[in-house]
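Reviewing the structure listed below.
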Amino acid sequence: MGDGTRVGSTSAPAKKKLSVLIVDDDSMIRTIHTILVNRVGVEVESQVAENGKVAVDLFRSGESFDVILMDWEMPVMNGIEATKELRKMGVSSMIVGVTSHSMDVEKDTFMAAGLDDCYGKPLSIKILKNILQKMKIDR
């Protein structure tokens, strides 16, 4: 119909984009992860924070994110402290640790803070795609 009326439309309602918070004190890693997040083929909106305190403060101010990519070693508030604080606040977002610590015992320490998963940095596009696809499916 030429009058703008949609009859028998099969288009699905627009889905909300996944929101991703990238928390890392290294601006290069923040940039790499932002670029990769935007290339994985999932509709996403991303935001960055330079340390754990900024991330916690974002949630305290009412912001929310579906996925948090959390570095371990950062000034002001590290990833372990920030993850524990977010969980204590009741944040149920998927928190994925991203660290240069490669030993299992170190990753276990980070996981024990309340992470959903943990990977070495920088993340690969394959790992990010798996994380974001899982979030999309779980919604």
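Residues M89 and V76 do not share a hydrophobic cluster, clusters being chains of Ile/Leu/Val/Met/Phe/Trp/Tyr side chains in contact below 4.5 Å. Under the 4.5 Å side-chain heavy-atom criterion for grouping Ile, Leu, Val, Met, Phe, Trp and Tyr, I127 is connected to V20 within one hydrophobic cluster. Linking Ile, Leu, Val, Met, Phe, Trp and Tyr residues whenever their side-chain heavy atoms come within less than 4.5 Å leaves Y119 and W72 in two separate clusters.
In plain terms, the two heavy atoms of L69 and L128 that are nearest each other are CD1-CD2, 3.8 Å. The heavy-atom pair separating A82 from G52 by the smallest distance is CB-CA, 3.6 Å. When all heavy atoms of A55 and L86 are compared, the pair lying nearest together is O-CD2, 4.5 Å. Pairing each heavy atom of S19 with each of S64, the nearest pair is OG-O, 3.7 Å. Nearest heavy atoms, K107 versus C118: CG-SG, 4.0 Å. Of all heavy-atom pairs between I80 and N78, the closest is N-OD1, 3.0 Å.
The CD1 atom of I32 lies 12.5 Å from the CD1 atom of I125; values are rounded to the nearest 0.5 Å. Distance NE2/H33 to CG/D24: 7.0 Å, rounded to 0.5 Å. Put simply, CD on E45 and CG on L18 are 9.5 Å apart, with the number rounded to the nearest 0.5 Å.
Residues V67 and I131 are in side-chain contact: their nearest non-hydrogen atoms beyond the backbone lie under 4.5 Å apart. Side chains of I68 and F59 form a contact here, defined as non-hydrogen atoms less than 4.5 Å apart. Side chains of N51 and V23 form no contact here, defined as non-hydrogen atoms less than 4.5 Å apart. Within the 4.5 Å cutoff, the side chain of V56 has heavy atoms near those of the M77 side chain. A heavy-atom distance below 4.5 Å is found between the side chains of I95 and T83. Contact of the V96 side chain with the M70 side chain is not registered, since no non-hydrogen atoms from C-beta on lie closer than 4.5 Å.
Salt-bridge annotation for K53 and D57: present, with a side-chain N of the basic residue lying under 4.0 Å from a carboxylate O of the acidic one.
With sequence neighbours left out, the side-chain contact (heavy atoms from CB on, under 4.5 Å) criterion links E63 to Q47, L58, S61, F65. Considering only residues two or more places apart in sequence or on other chains, T34 meets the side-chain contact (heavy atoms from CB on, under 4.5 Å) condition with I22, N38, S46, V48.
Applying the 6.0 Å contact sphere to CE of M28 captures no more than 12 heavy atoms from other residues, nucleotides or ligands.
Note on residues 70-85: pairs passing salt bridge (Lys or Arg N to Asp or Glu O under 4.0 Å), not counting sequence neighbours, are R60-E85, D71-K121, E85-K88.
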